[in-house]
Amino acid sequence: MNNLEFTLLVGLGSFMAGFLGALTGLGGGVVLVPLLALVFKVDIRYAVGASLVSVIATSSGAAVAYLKDGFSNIRIGMFLEVATTVGALFGAFLATKVSTSAIGAVFGIVLIYSGYLSSRTPVDPPPGEQPDPLATRLGMNGVYPSLSGPKSYFVHRVPLGFGLMFGAGGLSGLLGIGSGAVKVLAMDHAMGIPFKVSTTTSNFMIGVTAAASAGVYLSRGYVDPGLAMPVMLGVLAGSLSGARVLARTKTKQLRWVFGAVIVALGVEMIYGAFTGKL
Amino acid sequence: MFTKSDWTDQKIEVIIANLLRAGVTLAAMVVFTGGVIFLMRHGKEPAGYHVFTGEPSNLRNWRGIVHAAFALRARGIIQLGLLMLIATPVARVAFSVFAFVLERDWLYVGVASFVLLVLFYSLLGSAM
């Protein structure tokens, strides 16, 4: 395959990944690395580098679209970014130390878990009783607009959420993904933040988290311009069109199908890791 | 229910979101331009990403990248676009520090500054 053919095919695949990722809310990054590694036989280190860069593009590009919801909480986001950026730095250093099959295996587990999450419908936590005093001191409790007028929410279990965010950042740095699923989970389940606030805040955090590991990837030579170019442009165009279509589609079945694809890719990644194909 | 500081937060978010969009648009245009040149010059060459060799040292740090881009090397131009993309969230955090200063929220000036330091460490410390 020559560069032109490769660029067009990878660009098309990345567009589809970004499109479906935005449509299902699962993010395109998570299928991108398996797509590159398994289908295009790209070395997983190049794949992870290109994916990480495209994660920054989608997160930043979607910020305006999320804005009109007006749900994100910049204090929660900024505070948790302390955990995710340090975690991401740690994960990126780890990625340069461990074998590619170990990365492949961890990736497979994360894929299967994300697929499982996609089969569940998000439920808002019951409206909080007592906020975490730490959350109050950090000014995290907020208000979001709902159908029945502005609704206030309290933030709980800040240390647990902070710890989980360190893990989310680590995975992001190790695997070159946004790990939005883990971020939302930490905010929903551990901290009791309403789903709409946690998804938008998570999108804001993903780009900053990815930027923290991007420097390490760049200096280790993981970011190849010839590969990252079609991946980044494809994912960006795909996710922007996906977000546009989102408003008029029923996504439940699509989520299910995409979830199944993700699980299948996860199994394939683990198989590849154990047979030394990655 | 909405206090004065909520309103300021929202205004800050609008500025930040537009800043991010501008950064991404600009970066994508640079990457696209570099990509076109790359394919015009090297489109017929075989694509090889199966074996990891790592990038040449001049495409691993920002000085080398800027240099290669201004020498109109195709891969250098793409890499410059990617560097601009990586800089976008960093600019966002830098702006947040400034915004928290305006709000006189010193606790969050500290928090945002710490995040900014981590980003600088990653980008300048390792990719100098």
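Values reported hereafter were calculated over all heavy atoms of this structure, with side chains retained and with hydrogens, waters and symmetry mates removed. Note on naming: letters A, B, ... go to the chains in the order of the sequence lines (proteins, then strands), and numbering restarts at 1 for each one.
- The part of Thr7(A) that comes within reach of chain B is its side chain, from C-beta onward, which places non-hydrogen atoms under 4.5 angstrom from that chain.
- Here Met232(A) contributes atom CE and Phe32(B) contributes atom CZ; the two are 11.5 Å apart, rounded to the nearest 0.5 Å.
- Residue with the most contacts toward chain A among Thr25(B), Leu39(B), Val111(B): Leu39(B) (heavy-atom pairs, distance under 4.5 Å).
- Rounded to the nearest 0.5 angstrom, Leu119(B) CG and Ser213(A) OG are separated by 9.5 Å.
- In this structure, Asn3(A) and Pro46(B) have side chains that are not in contact, with every pair of non-hydrogen atoms separated by 4.5 Å or more.
- For chain A, no part of Ile77(B) is nearby; none of its heavy atoms comes within less than 4.5 Å.
- The most heavy-atom pairs under 4.5 Å with chain B, out of Ala211(A), Ala228(A), Ala92(A), come from Ala211(A).
- With hydrogens and angles ignored, the 3.5 Å screen pairs a side-chain donor or acceptor of His50(B) with a backbone N or O of Lys41(A).
- The backbone N or O of Thr53(B) lies less than 3.5 Å from a partner atom in the side chain of Tyr46(A), making a donor-acceptor pair.
- Interatomic distance, CG of Leu107(B) versus CZ of Arg137(A), reported as 9.5 Å (0.5 Å rounding).
- Using a distance-only test at 3.5 Å, with no hydrogens or angles considered, a donor-acceptor pair links the side chain of Gln79(B) to the main chain of Val223(A).
- Aromatic rings from Tyr108(B) and Phe79(A) are positioned such that their centres are separated by 6.0 Å or more.
- In terms of heavy-atom pairs under 4.5 angstrom with chain A, the leader among Leu85(B), Val93(B), Val51(B) is Leu85(B).
- No more than 12 heavy atoms of other residues, nucleotides or ligands sit less than 6.0 Å from atom CZ of Phe90(A).
- Neither the backbone nor the side chain of Leu36(A) comes within less than 4.5 Å of any heavy atom of chain B.
- In terms of heavy-atom pairs under 4.5 angstrom with chain B, the leader among Ala88(A), Ala57(A), Ala214(A), Pro230(A) is Ala57(A).
- Using a 4.5 Å cut-off between heavy atoms, Leu233(A) contacts chain B through its side chain alone, with no backbone atom that close.
- Between Phe40(A) and Tyr49(B), the gap from one ring centroid to the other reaches at least 6.0 Å.
- Distance CG/Leu20(B) to OG/Ser59(A): 7.0 Å, rounded to 0.5 Å.
- The candidate with the highest count of non-hydrogen atom pairs below 4.5 Å against chain A, out of Gly76(B), Ser96(B), Gly54(B), is Gly54(B).
- The main-chain N or O of Phe204(A) is found under 3.5 Å from a side-chain atom of Arg92(B) such that the two form a donor-acceptor pair.
- Here CD1 of Ile65(B) is found 4.5 Å from CG of Leu218(A). Values are rounded to the nearest 0.5 Å.
- A 4.5 Å side-chain heavy-atom check between Phe38(B) and Leu4(A) finds every atom pair outside the cut-off.
- Distance check: Thr33(B) OG1 to Met229(A) CE gives 11.0 Å after rounding to the nearest 0.5 Å.
- With a 4.5 Å cut-off on non-hydrogen atoms, Phe52(B) touches chain A through its backbone and its side chain both.
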